[in-house]
Engineer: 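Below are the structure tokens for one structure; questions will follow.
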Amino acid sequence: MLFPPDFLTRLEYLSIVSKRVFRGTLLAQRRTRQAGVGIEFSDHRHYTAGDDLRYLDWNVYARHGELLLKRFQEEQDLHIYLLLDCSRSMTFGTPPRFDLARQLTAGLAYIGLADLDRIAVVAYADEILAEFPLSRGKARILPLMQFLQQLPATGRDTHLTQVVRSLLHRGPRAGLAIVISDLLDEHGFRAGLDQLRCRDFDIHVVQLHDPAEASPTLLGDVELEDLESGTVRRVILTEKQVRTYRQLFGEHQLAVKNYCRHYGLGCTQSDTQVGCEELILRMMRNAATAGAAASPALP
Amino acid sequence: MSFSLPTALLLTALALPVAALYLLRIRLRRVPVASRLFWDTVFRDVPPRATGRKLPYVLSLLVQLALLLLLVIAAADPIFDARLQPPRHIVLVIDQSASMQATDLRPSRLHAARAAALDVIRSLGFRDQCAVIAAGSHPQLQTGLTSHIPTLQQAIRRIQPEDAPGDLEAAVAAGRRLLADTPDGTLIVLTDGCTTLSESQTEHPADSVARPAVHWRLLRERSANVGITQFQARRSLADPTGYEVYLTVHNTGTAAIRCHVELLLNDLPVDVLPLQLQPGAQWTRTLQKTAAAGGRLEARLTSVRRAAPAAESSATIAPTIAQQDPPLNDLAVDDRAWAILPSRNVRKVLLVTPGSLFLQQALSAIPLVQLTVVRELPEVWPADTVLVLHRQVPPQLPPGRVLVIDPQADCDLWKLSGQLTNPLITEHQDESPLMRQLNLENVLLPAVRTLQFHSDHEVLAATDSGAPVYAHLERRSGPCLVLTIDLERSDLALRTAFPILIANALQWFAADTADWRPALPAGSQTTLHLTDTARPVPGALQLISPTGVRFPVVNPTARFTTPPLNTAGIWTLREALPQTSPGAASAAADSFSQPDTLIAVNLNSEQETSLQSQAGLETVANSDSQRVNGQPPHSWLSRPLWLYLLVAACLLTTLEWALYQRRVLA
């Protein structure tokens with residue numbers, strides 16, 4: 001069962017833990033970088049003629065004789081975009097990692113909804129296959145779960161770049177983009193993430209893999225069937241070739257990690273043996289130990 | 001080549017499914033992978049299934065077909081022509097008689113016979129069977145019909161030469177009995193032919209009616225030997241200390257020889273006789289010698305050399321290499337002979353008598369008797385003295401060896417119970433050594449005292465009414481004989497029986513056997529009478545061969561028959577004394593420990609000494625040798641071929657395994 005009866009109870013627990021233990025460092029308390037009319041002091045700027053003198057920082061003027069205006073942060077609800085890979089490669093493994101991905105999507109969505117953020121789920125493969133529109137409030141969790149439950153993993157290709165381009169064409173407000181995928185994209189994962197980065201999205205990558213995928217135990221004459229494309233290749237596997245495969249897989253994992261670290265993106269890599277709650281908690285710990293998310297660049 | 005199960009060849013049809021499976025290529029395992037992204041990188045430079053990589057598959061197919069072919073042929077059990085021959089049953093009779101020790105074939109004829117037997121064993125196929133019989137004085141089956149080569153080899157190597165003539169006829173008969181159920185069996189006799197066979201045995205195998213026929217294999221080169229064929233010794237009938245030696249020496253070679261015959265008594269030289277014998281000559285002598293002591297008499301043939309021809313001068317001609325002496329004496333066992341010379345010991349006799357000339361003369365007439373006559377029994381007398389009491393009987397008979405004649409008083413062993421008038425002696429213990437060569441039946445006995453014995457006694461002679469006249473009384477302190485005849489009133493003293501009776505009694509007391517024990521021919525058996533002396537039959541005996549081999553004899557009876565005495569020399573029959581605690585035996589008992597009984601055994605066979613084959617046997621053997629030697633030896637191909645096919649199949653299985661591993665792990 002994808003969402004067992006106690007799933008929501010567990011999600012509620014996760015939501016509380018997220019707020020109280022990790023102080024919302026995971027999702028909803030990420031501040032937008034929008035300066036506005038909030039009450040919380042954000043920054044100074046030089047006075048120019050015509051500015052409102054009510055915001056002049058008289059203390060600074062008294063001390064230093066400089067005319068500086070206070071800037072305030074405007075708290076806005078967070079837009080969270082959950083990009084869920086629905087290609088057929090997500091059906092690999094026992095149980096399929098697509099189930100974990102959907103559970104994770106539901107869990108993260110619930111945490112966001114519980115914090116009055118807006119969440120949207122974009123199911124993609126080589127294009128956007130389905131969408132759960134931006135929604136707010138806990139009441140939306142059930143429809144979301146229904147949506148996820150009915151979501152098939154039938155994509156015959158993975159093209160994150162194209163999907164992100166399509167998404168950004170709609171002009172969504174920048175927010176948090178969580179990509180939940182195996183990142184087995186022959187077109188590359190970097191271009192798509194770069195686009196999101198350039199559009200000031202906070203990105204968190206969740207990469208799922210199966211242990212058998214990381215360390216195959218195949219030997220001898222086999223036919224390798226690509227789950228996504230359906231193509232078959234007859235090969236004679238030797239131990240040397242299996243070792244080469246493991247090395248390539250490990251390099252790919254490392255490349256993702258290094259990319260995310262380089263650009264300050266959140267990155268969680270896990271195999272499917274880890275449960276959904278444990279994975280979310282791990283994400284919270286990683287976010288807490290990494291400090292606050294990179295401060296949004298002020299426009 | 002043929003097949004014992006040709007229908008198994010139909011299994012060759014299994015090659016079709018083997019080839020079909022190869023052609024159909026069992027569907028490969030289809031493994032789903034999330035993405036071929038990395039696998040394509042791995043196989044980017046390697047064609048997925050290059051043509052060259054198909055080679056192990058083709059080779060594997062060939063190996064599998066070859067494996068199937070080997071198994072099918074093995075199942076069909078191919079047979080080569082050699083195996084079509086029926087299995088052979090062979091009995092090997094190996095002569096182990098004395099002549100087989102001859103050294104004309106180095107190291108000996110028996111060694112050559114064993115080597116020939118081992119050759120026959122080596123030629124046996126896996127279905128052939130063989131038995132081995134050792135033809136000595138008494139043929140012995142070493143091993144029954146078997147195909148186990150190590151057992152046969154061990155049986156052959158176990159055969160040792162005897163010093164006795166062999167009984168080949170009995171051995172051949174035993175061999176025929178073994179092959180009774182196999183009329184096509186083969187009986188091979190390995191011998192030198194120095195034996196006596198019946199005419200039927202010397203028939204050519206092809207002419208012989210008896211089955212299986214005997215194939216003779218003679219093993220000899222020459223017959224150059226000189227040996228002692230007769231040697232006996234006995235005491236002189238006239239001279240108590242003299243003895244006579246009968247000796248025969250035979251030169252069976254083709255050259256005149258000189259030699260010495262040494263006579264030794266108890267290893268001390270007695271005489272040395274130089275001899276010169278022409279080829280085929282026989283020298284016989286009876287020698288008179290003197291020696292009171294007895295013991296082991298030995299004759300030795302020494303210094304055998306070629307005698308110079310009469311026309312040659314010993315000073316002028318030096319022998320060239322070609323003229324060097326050929327071997328003259330190929331058999332050593334007949335160079336020595338033995339005989340046992342009975343000893344002549346002085347016997348002390350103390351006669352206590354009121355006066356009896358007849359008795360006194362009878363005792364004095366016995367050679368080597370030292371007689372002392374007294375009227376009354378002394379208090380002490382020398383040890384080892386036979387006490388003869390005439391009429392006087394003390395109440396307690398003294399210990400030791402005692403002969404009582406005409407007792408006139410009671411004693412601890414008997415009581416006088418009356419008198420018989422004119423009895424007739426009708427009972428006679430002829431088998432007793434005391435009664436040897438005696439006849440008391442016609443002795444006039446006006447009166448005979450009757451005695452009532454208090455202890456166990458053996459009646460040697462008795463009257464018609466059963467009254468003992470002459471008896472042997474058992475007692476712990478020493479043997480006792482009692483003769484109840486009145487010498488003065490009967491005519492016993494006037495008869496020749498009387499001195500014989502006295503001599504028998506003294507001899508019996510001294511534990512000397514009167515019988516001359518001649519030297520026996522090797523291989524014979526003899527019966528010993530263990531009750532011929534005053535000493536009791538021992539509880540355990542040991543028969544010791546000249547080479548020191550001991551044969552225990554447990555619970556011997558009065559008559560003991562020896563096993564075949566197959567070794568020349570002196571055999572000893574010795575009492576195996578048990579351990580006794582100190583002081584347990586009396587002094588009298590100590591003096592009665594059993595001395596050794598010596599038996600001389602010699603080869604004493606003209607046939608064996610001659611080293612020559614029986615006439616006719618050589619002809620049969622020569623005409624038959626081609627047939628015996630012409631038997632095609634069985635080769636390793638006679639073993640079941642399926643065995644080798646299975647071994648080859650195992651090797652191919654190993655190769656197929658290696659090919660499989662290479663495909664997987666290359």
Engineer: If we define contacts as heavy-atom pairs under 4.5 Å, which of A:Thr158, A:Asp185, A:Asp226 has the most with chain B?
Structural biologist: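 Ranked by contacts with chain B, first place is A:Asp226.
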Engineer: With a 4.5 angstrom heavy-atom cut-off, which part of A:Arg88 approaches chain B: side chain, backbone, both or neither?
Structural biologist: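 When you check distances to chain B, no heavy atom of A:Arg88 falls under 4.5 Å.
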Engineer: Heavy-atom distance under 4.5 Å to chain B: side chain of A:Glu228, backbone, both or neither?
Structural biologist: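 Contact with chain B is through both the backbone and side chain of A:Glu228.
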Engineer: Out of curiosity, B:Leu37 CG to A:Phe249 CZ, how far, rounded to the nearest 0.5 Å?
Structural biologist: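 Taking CG in B:Leu37 and CZ in A:Phe249, the distance rounds to 10.5 Å.
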Engineer: Please determine whether the number of non-hydrogen atoms from other residues, nucleotides or ligands lying under 6.0 Å from atom NE2 of A:His252 exceeds 12.
Structural biologist: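 Correct, the count exceeds 12.
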Engineer: Please find the pair of heavy atoms, one from A:Ser89 and one from B:Ala34, that lie closest to each other, and give the distance.
Structural biologist: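 Minimum heavy-atom separation between A:Ser89 and B:Ala34: CB-O, 3.4 Å.
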Engineer: Can you confirm whether B:Arg106 is buried at CZ, in the sense that more than 12 heavy atoms of other residues, nucleotides or ligands lie under 6.0 Å from that atom?
Structural biologist: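 Result for CZ/B:Arg106: open.
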Engineer: Does CD belonging to A:Gln195 count more than 12 external heavy atoms closer than 6.0 Å?
Structural biologist: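 Counting neighbours around CD of A:Gln195, more than 12 heavy atoms of other residues, nucleotides or ligands fall under 6.0 Å, so yes.
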Engineer: Classify the ring geometry between B:Trp39 and A:Tyr245 as parallel (under 30°), tilted (30 to 60°) or perpendicular (over 60°).
Structural biologist: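 Because their plane-to-plane angle is under 30°, the rings of B:Trp39 and A:Tyr245 count as parallel.
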Engineer: If you count the non-hydrogen atoms of other residues, nucleotides and ligands that lie under 6.0 Å from CD in B:Gln160, is the total more than 12?
Structural biologist: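 Result for CD/B:Gln160: enclosed.
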Engineer: Return the set of residues passing side chain to side chain donor-acceptor pair (under 3.5 Å) with B:Arg36 (not counting sequence neighbours), or none when no residue passes.
Structural biologist: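 Checked B:Arg36 against side chain to side chain donor-acceptor pair (under 3.5 Å); matches are A:Thr231, B:Asp40.
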Engineer: Are the side chains of B:Phe43 and A:Ile236 in touch, meaning some heavy atoms are under 4.5 Å apart?
Structural biologist: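 B:Phe43 vs A:Ile236: side chains apart.
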Engineer: Using side-chain heavy atoms (C-beta onward) and a distance below 4.5 Å, is B:Phe38 in contact with A:Thr244?
Structural biologist: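 Not in contact.
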